Number of protein chains: 2
Amino acid sequence: MTTEEKILVAAREEFQQAGFGGARMQKIADRAGINKASLHYYYRNKEKLFQQVLQKDILRLMIPVSMVLRDPSLSLEQRIRTFVKTTTQLFMDQPNLLLFIMQELNRAPERLLNLVRDILKEHGLNDDESRTFRGQLEEGVKNGTLKPVDPEQYIASVLGMCMFPYAARSLVMELLEKDKEAYQNFLEQRQEELITLCRRMIFRSDEPED
Amino acid sequence: MTTEEKILVAAREEFQQAGFGGARMQKIADRAGINKASLHYYYRNKEKLFQQVLQKDILRLMIPVSMVLRDPSLSLEQRIRTFVKTTTQLFMDQPNLLLFIMQELNRAPERLLNLVRDILKEHGLNDDESRTFRGQLEEGVKNGTLKPVDPEQYIASVLGMCMFPYAARSLVMELLEKDKEAYQNFLEQRQEELITLCRRMIFRSDEPED
DNA sequence: GTGCAGGGTAACCAAATAGTCAAACCGAAA
DNA sequence: TTTCGGTTTGACTATTTGGTTACCCTGCAC
């Protein structure tokens, strides 16, 4: 691993854990096993380093998510399955990713939101709106295949069900009275159950149709 | 409003917005309209002030939530309605409360978790497990009133559906391509839809039974 | 060997920031 | 009016921290 990469990894850990304001350049240097001056050699300053880290992380989250929401090749059934699988895999791998982005997106410098918009435009572009998640839901409701539902409310619900237990790990852990290990277990079993629950909210039968 | 209260309000704003590390005592003093030295007169140091704020906020979140989860007087139907209503109201009122707590709980000093546990024990105590959310779900599944579901997975889902759109406001806003005003509208309409969606996941019919 | 360029470092600097303190202020009791 | 407690403040200090600079090291072309 190059020094440049080591810095990014170390910086991500530190920023995710402490936030921008709480992160210390010295600690990042220590984690990366280099001198603090080298940080400034590779990344001019804290702000620039932070931008690099955050941008990479936003890509890591938003690309797969927005892809699944808009991929025109997926049926509604497949899209739900894929969405659950994709998010589960992502957050199992990067436990702090989501909360980190939520935090920093909340501090919402307009600059960040523009970055997100560009990403979504580039990677999520799909001129056939009827083949998006939203479009498929709308159509299904209209022709009666699906139970009546506001597509966007449903999408927000699926997002919440898939993401919240990862972002609010400690909170949910306490409310469910689980320890770390039990909660990990809980998350692993969740994937299957999620698909069932997501289906029940809109499909008229519990059984898959494709 | 006493100086002490003014400080707490100002501190909450600053801490919620900037996190512990990014918060500045000077800014808190400015917001409260007092001298920085007065901060230290009322709250010995930054850490102590932070604890006060965080503890108050944790109470504000956890008490109503854990109450609804365990209140033995509620039927399952009522509990769902009450849960949706309670959380919606809370987060409409305190838009940054949830994310703030998620952040700080994630940094999870064991001390904080102990505080939470004490709160839950005190306020959520209920020796009739069968009259809790979990107990009612378990029973409903067992006797076939409800569709088969893992009670805890379901509770986590309801939590996510109710809370995520508030905690991840900017993220969901972007994914749904809504501006601030449209999103506010979206959240207001959400309450009704949430109840329907939560019901569908477990009830065999769309119509309420009580 | 010499010179050189890119990577790395210790020592240093200036600004920011948490925290301190002695003096001033102020309303109420005597 | 005077005194006295709690409150408020401007000025100060000590420390932390982001960022700079001059120097060193190492591999390599000549």
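In what follows, chains carry the letters A, B, and so on, assigned in the order in which the sequence lines appear, proteins first and then strands, with residues in each chain numbered from 1. What you see is a predicted model, and the numbers here were worked out from it, not measured in a lab.
Nucleic acid contact for Y43(A): none, since no nucleic acid atom lies under 4.0 Å from a heavy atom of the residue. L39(B) comes within 4.0 angstrom of no nucleic acid atom, judged by non-hydrogen atoms across all strands.
If you take CD1 on I7(A) and CD on Q52(A), they are separated by 11.0 Å, rounding to the nearest 0.5 Å. For the atom pair F164(B) CZ and S157(B) OG, the distance stands at 13.0 Å (nearest 0.5 Å). Taken to the nearest 0.5 Å, the CZ atom of R81(A) stands 10.5 Å off from the CD atom of Q191(A). Taken to the nearest 0.5 Å, the CD1 atom of I195(A) stands 9.0 Å off from the CD1 atom of I80(A). From L54(B), atom CG reaches atom CG of L59(B) across 9.5 Å, with rounding to the nearest 0.5 Å. Taking NZ from K147(B) and OG1 from T196(A), the interatomic distance works out to 10.5 Å, rounded to the nearest 0.5 Å.
Contact footprint of chain B on DNA chain D: nucleotides with an atom under 4.0 Å from a non-hydrogen protein atom, first to last in 5' to 3' order, dG6(D) to dG10(D).
Considering only side-chain N and O atoms, Y41(B) lies nowhere under 4.0 angstrom from the phosphate OP1 or OP2 of dG19(C).
You'll find the side chain of R117(A) reaches within 4.5 Å of the side chain of N114(A), heavy atoms only.
DNA chain C lies under 4.0 Å from no heavy atom of any residue of residues 6-20 of chain B.
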Extract from the structure each pairing of a protein N or O with an N or O of nucleotides 15-18 of chain C at less than 3.5 Å, listing the distance.
from	atom 1	to	atom 2	distance (Å)
dT17(C)	OP1	R24(B)	NE	2.7
dT17(C)	O5'	R24(B)	NE	3.4
dA18(C)	OP1	A23(B)	O	3.4
dA18(C)	OP1	R24(B)	NH1	3.4
dA18(C)	OP2	M25(B)	N	3.2
dA18(C)	N7	K36(B)	NZ	3.4

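R44(A) pairs by the side-chain hydrogen bond (donor to acceptor under 3.5 Å, both in side chains) definition with nothing, not counting sequence neighbours.
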Can you give each donor-acceptor pair under 3.5 Å made by side-chain atoms of residues 33-40 of chain A, sequence neighbours left out, with the distance rounded to 0.1 Å?
from	atom 1	to	atom 2	distance (Å)
N35(A)	OD1	A37(A)	N	2.7
H40(A)	ND1	K36(A)	O	3.4

Can you give the donor-acceptor pairs under 3.5 Å from side chains of residues 13-24 of chain A to other protein atoms, not counting sequence neighbours?
from	atom 1	to	atom 2	distance (Å)
E13(A)	OE1	R31(A)	NH1	3.2
E14(A)	OE1	R31(A)	NH2	3.0
E14(A)	OE2	R24(A)	N	3.0
Q16(A)	NE2	D57(A)	OD2	3.1
Q17(A)	OE1	R31(A)	NH2	3.0
R24(A)	NH1	G21(A)	O	3.4

